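All remarks here apply to the structure that follows.
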Amino acid sequence: MPRLHAEPDRTKWVPVTDSLGFRGRRHRKAAIRMLLAQAKGPGAAPSGAGGFTAWAMSQAVPFLMRKAGGRVLVWVWKADPELVVAMAQVQTATPQLRAARASLPIEYDDSEEFRGTYLGIGEKLSMPLPPGGRPPFATYTWDLGSHFVSVTAVCSDRERFGTVIGAVDELARDIRIIDDLTVGESATVLRLDPA
């Protein structure tokens with residue numbers, strides 16, 4: 001399975017993926033809290049266990065991401081970890097995943113062409129005012145034939161979404177695939193440097 005790699009601007013982004021223990025705990029908790037809030041959706045009653053759930057998950061998530069072996073990368077906004085969380089992932093392009101993408105609601109058809117530095121032409125969907133009071137988000141997707149690469153960024157503040165989307169674009173452009181090949185494994189594959 002291919003792995004993802006990116007080297008985003010460390011003055012803007014803090015990686016959550018490889019942070020263990022106390023290092024990065026605050027950023028992990030902020031990212032998990034935002035992702036949990038989005039998963040619950042608007043109007044969900046706040047539960048008293050939310051803080052404990054975020055803490056417990058912040059302890060387990062680094063090990064789960066390590067187990068994912070580079071298929072999932074997560075960052076938070078350095079200046080304000082509660083503002084933006086970005087997650088990149090690579091998935092096998094199964095028929096079920098293709099069917100799920102084809103049956104997305106009509107508002108997901110408003111995507112525009114987006115060029116990645118390493119992945120080529122993909123799609124960008126920016127939703128500054130999503131329906132139902134959900135937080136604004138942007139999704140970038142590349143169909144590589146055998147795999148989908150996607151980057152999703154969620155912002156907690158609708159008014160500040162426009163100020164950070166440029167940095168999210170930079171992060172998405174920097175995503176690349178690393179695929180290990182053993183010498184002699186495939187004589188018909190020629191790897192060229194993207195530059």
Side-chain angles (χ1 to χ4, degrees), residues 4 6-19 23-58 61-62 65 72-89 100-101 103-117 119 121-142 148-175:
L4 295 172
E7 295 175 7
D9 185 348
R10 291 298 183 102
T11 64
K12 297 177 182 174
W13 298 100
V14 175
V16 175
T17 310
D18 292 324
S19 65
R23 187 171 66 97
R25 181 179 60 175
R26 176 175 155 246
H27 296 99
R28 284 197 311 269
K29 284 174 66 177
I32 291 164
R33 234 186 334 266
M34 283 182 65
L35 293 172
L36 284 175
Q38 170 141 12
K40 286 181 185 176
S47 65
F52 176 75
T53 303
W55 174 84
M57 289 184 71
S58 74
V61 161
M65 282 197 264
V72 178
L73 302 176
V74 180
W75 302 269
V76 292
W77 192 245
K78 185 171 186 174
D80 184 359
E82 304 280 343
L83 180 63
V84 183
V85 60
M87 180 175 69
Q89 61 181 340
R101 284 179 47 79
S103 61
L104 286 172
I106 196 160
E107 56 262 21
Y108 286 82
D109 290 342
D110 294 335
S111 61
E112 59 191 55
E113 189 176 276
F114 182 82
R115 178 176 286 280
T117 305
L119 298 177
I121 300 292
E123 296 179 346
K124 173 186 174 182
L125 174 69
S126 183
M127 298 283 280
L129 297 170
R134 291 174 52 212
F137 67 92
T139 302
Y140 308 79
T141 308
W142 289 268
F148 284 114
V149 174
S150 62
V151 178
T152 303
V154 181
C155 181
S156 62
D157 188 343
R158 288 183 177 216
E159 294 178 1
R160 296 173 64 189
F161 179 72
T163 64
V164 296
I165 192 66
V168 176
D169 286 350
E170 290 174 21
L171 173 67
R173 278 190 188 92
D174 192 50
I175 299 293

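Note that the numbering runs from 1 along the sequence shown for the chain. None of the values given here were measured: they were computed from a predicted structure.
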Item to check | For Pro8 against Trp13, the heavy-atom pair lying closest together | outcome: CB-CD1, 3.9 Å

Checklist entry - Trp75 and Pro15: which non-hydrogen atoms are nearest, and at how many Å? => result CD1-CA, 3.5 Å

Next on the checklist: So Lys12 and Lys78, do their side chains get closer than 4.5 Å, heavy atoms only?
Outcome noted: no

Checklist entry - Hey, mind stepping through Val151 and Phe114 against side chain to side chain contact (heavy atoms under 4.5 Å, CB included) and telling me if it holds? => result CA-CA 12 Å; Val151 178; Phe114 182 82; over 6 Å; no

Item to check | Matching residue for Tyr140 among Val149, Leu125, Leu119, Asp169 - test: side-chain contact (heavy atoms from CB on, under 4.5 Å) | outcome: Asp169

Checklist entry - Excluding sequence neighbours, so at least two apart, what forms side chain to side chain donor-acceptor pair (under 3.5 Å) with Ser103? => result none

Checklist entry - Should Asp157 and Leu83 be marked as a side chain to side chain contact (heavy atoms under 4.5 Å, CB included) after you check the CA-CA gap, both sets of side-chain angles, and the distance that decides it? => result CA-CA 7 Å; Asp157 188 343; Leu83 180 63; 3.8 Å; yes

Next on the checklist: Any heavy-atom pair between the side chains of Lys124 and Thr139 that's under 4.5 Å?
Outcome noted: no

Checklist entry - Residues two or more places apart in sequence or in another chain: which of them pass side chain to side chain contact (heavy atoms under 4.5 Å, CB included) with Glu123? => result Arg101, Ser111

Next on the checklist: Is there a side-chain contact between Phe137 and Arg134 in this structure, where contact means two heavy atoms from C-beta onward sitting under 4.5 Å apart?
Outcome noted: yes

Checklist entry - Quick one: does Asp174's side chain have a donor or acceptor within less than 3.5 Å of a partner on Ala6's backbone? => result no

Checklist entry - Closest heavy-atom contact between Ile165 and Ala138? => result CD1-CB, 3.6 Å

Checklist entry - Is any side-chain heavy atom of Pro136 less than 4.5 Å from a side-chain heavy atom of Cys155? => result yes

Next on the checklist: For a side chain to side chain contact (heavy atoms under 4.5 Å, CB included) check, start with the C-alpha distance between Ser126 and Phe161, then their side-chain angles and the critical distance, and finish with the verdict.
Outcome noted: CA-CA 10 Å; Ser126 183; Phe161 179 72; 3.5 Å; yes

Item to check | Inter-residue atom distance Glu82.CD - Ser156.OG, 0.5 Å rounding | outcome: 7.0 Å

